[in-house]
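Here is the structure we will look at, set down as structure tokens.
Reckoned from all heavy atoms, side chains included, excluding hydrogens, waters and symmetry mates. Small disclaimer: the values here were computed from a predicted structure and weren't measured.
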Amino acid sequence: MKKVIATKAAPAAIGPYSQAIEVGNMLFASGQIPINPATSEIVEGGIKEQTAQVFSNIKAVLEEAGYTFDDIVKTTVFLADMSLFIDMNAVYATQFSGSFPARSAVAIKELPKGALVEIEIVAVK
């Protein structure tokens, strides 16, 4: 049985998708971009500020579903340009305690709303 996860503490979906879906003990979260949920706008600043906002949004979705960062087993990072990787990675590294999840990181042509970064996660309890 699947359960739709939705929270106002993270940006609302900007298309036909759910913020996250829980199936059994697994959470599949849609990619989060650096939208401030209070303003519905991309946060000001560069890749570090945007990455921090993405993780704030991910945390809100995780908390709504009863998960934590320690439950994340896989992330996929989408970057507007691979030259942003080092600064994104510096913020990324501060988000986890203990072991890091498996990760893929790719550069793509463009992200929604002109974002520099998008991150999706899979978590398991």
Please list, one pair per line, the donor and acceptor atoms closer than 3.5 Å that link side chains of residues 100-107 to other protein atoms, with sequence neighbours excluded.
| unit_1 | atom_1 | unit_2 | atom_2 | d |
| --- | --- | --- | --- | --- |
| Arg103 | NH1 | Asn89 | OD1 | 2.7 |
| Arg103 | NH2 | Asn89 | OD1 | 3.1 |
| Ser104 | OG | Lys74 | NZ | 2.9 |

Do any side-chain atoms of residues 13-26 form donor-acceptor pairs under 3.5 angstrom with protein atoms, and if so which ones, sequence neighbours left out?
| unit_1 | atom_1 | unit_2 | atom_2 | d |
| --- | --- | --- | --- | --- |
| Tyr17 | OH | Ile14 | N | 3.1 |
| Gln19 | OE1 | Thr7 | N | 2.6 |
| Gln19 | NE2 | Thr7 | O | 3.0 |
| Gln19 | NE2 | Ala10 | O | 3.4 |
| Gln19 | NE2 | Pro11 | O | 2.8 |
| Glu22 | OE2 | Tyr67 | OH | 2.8 |
| Asn25 | ND2 | Lys125 | O | 3.2 |

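The two residues Pro34 and Ala115 come nearest to each other via the heavy atoms CD-CB, 3.6 Å. Closest approach of Gln53 and Val43 over heavy atoms only: OE1-CG1, 3.3 Å.
Listed by chain and number, the residues in a side-chain hydrogen bond (donor to acceptor under 3.5 Å, both in side chains) with Asn36 amount to none (sequence neighbours excluded). Not a single side-chain hydrogen bond (donor to acceptor under 3.5 Å, both in side chains) links Gln50 to another residue, sequence neighbours left out. In this structure Tyr92 satisfies the ring pair (Phe, Tyr, Trp, His ring centres under 6.0 Å) test together with Phe55, Phe96, sequence neighbours excluded. For Glu49, there are no salt bridge (Lys or Arg N to Asp or Glu O under 4.0 Å) partners at least two apart in sequence or on another chain.
The shortest distance between side-chain heavy atoms of Glu118 and Pro112 falls below 4.5 Å. For the pair Ile33/Ile119, no side-chain contact is recorded, criterion being any heavy-atom separation below 4.5 Å from C-beta on. Within the 4.5 Å cutoff, the side chain of Lys113 has heavy atoms near those of the Ile42 side chain. At least one side-chain heavy atom of Leu79 sits under 4.5 Å from a side-chain heavy atom of Met88. Under the 4.5 Å side-chain criterion, counting only non-hydrogen atoms from C-beta, Val61 is in contact with Gln32.
Expressed to the nearest 0.5 Å, how far NZ of Lys59 lies from CD1 of Ile121 amounts to 14.0 Å. Atom NZ of Lys2 sits about 11.5 Å away from atom CZ of Phe28, to the nearest 0.5 Å.
For the pair Asp71 (side chain) and Thr68 (backbone), a donor-acceptor distance under 3.5 Å is present. Judged by distance alone, the side chain of Thr51 and the main-chain N or O of Lys48 form no donor-acceptor pair under 3.5 Å.
Cluster annotation: Phe85 and Ile47 are assigned to the same hydrophobic cluster (Ile/Leu/Val/Met/Phe/Trp/Tyr, side-chain heavy-atom contacts under 4.5 Å, transitive). Cluster membership for Val124 and Leu62, using ILVMFWY side-chain heavy atoms within less than 4.5 angstrom, is not shared. Under the 4.5 Å side-chain contact rule for hydrophobic residues, Val117 and Ile72 share a cluster. Note on Phe78: it does not cluster hydrophobically with Ile58, by side-chain heavy-atom contacts below 4.5 Å among ILVMFWY residues. Side-chain heavy atoms closer than 4.5 Å link hydrophobic residues (I, L, V, M, F, W, Y) into clusters, and following such links, possibly through other members, connects Met82 to Leu116.
The number of heavy-atom neighbours closer than 6.0 Å to CD1 of Ile108, taken from other residues, nucleotides and ligands shown, is above 12.
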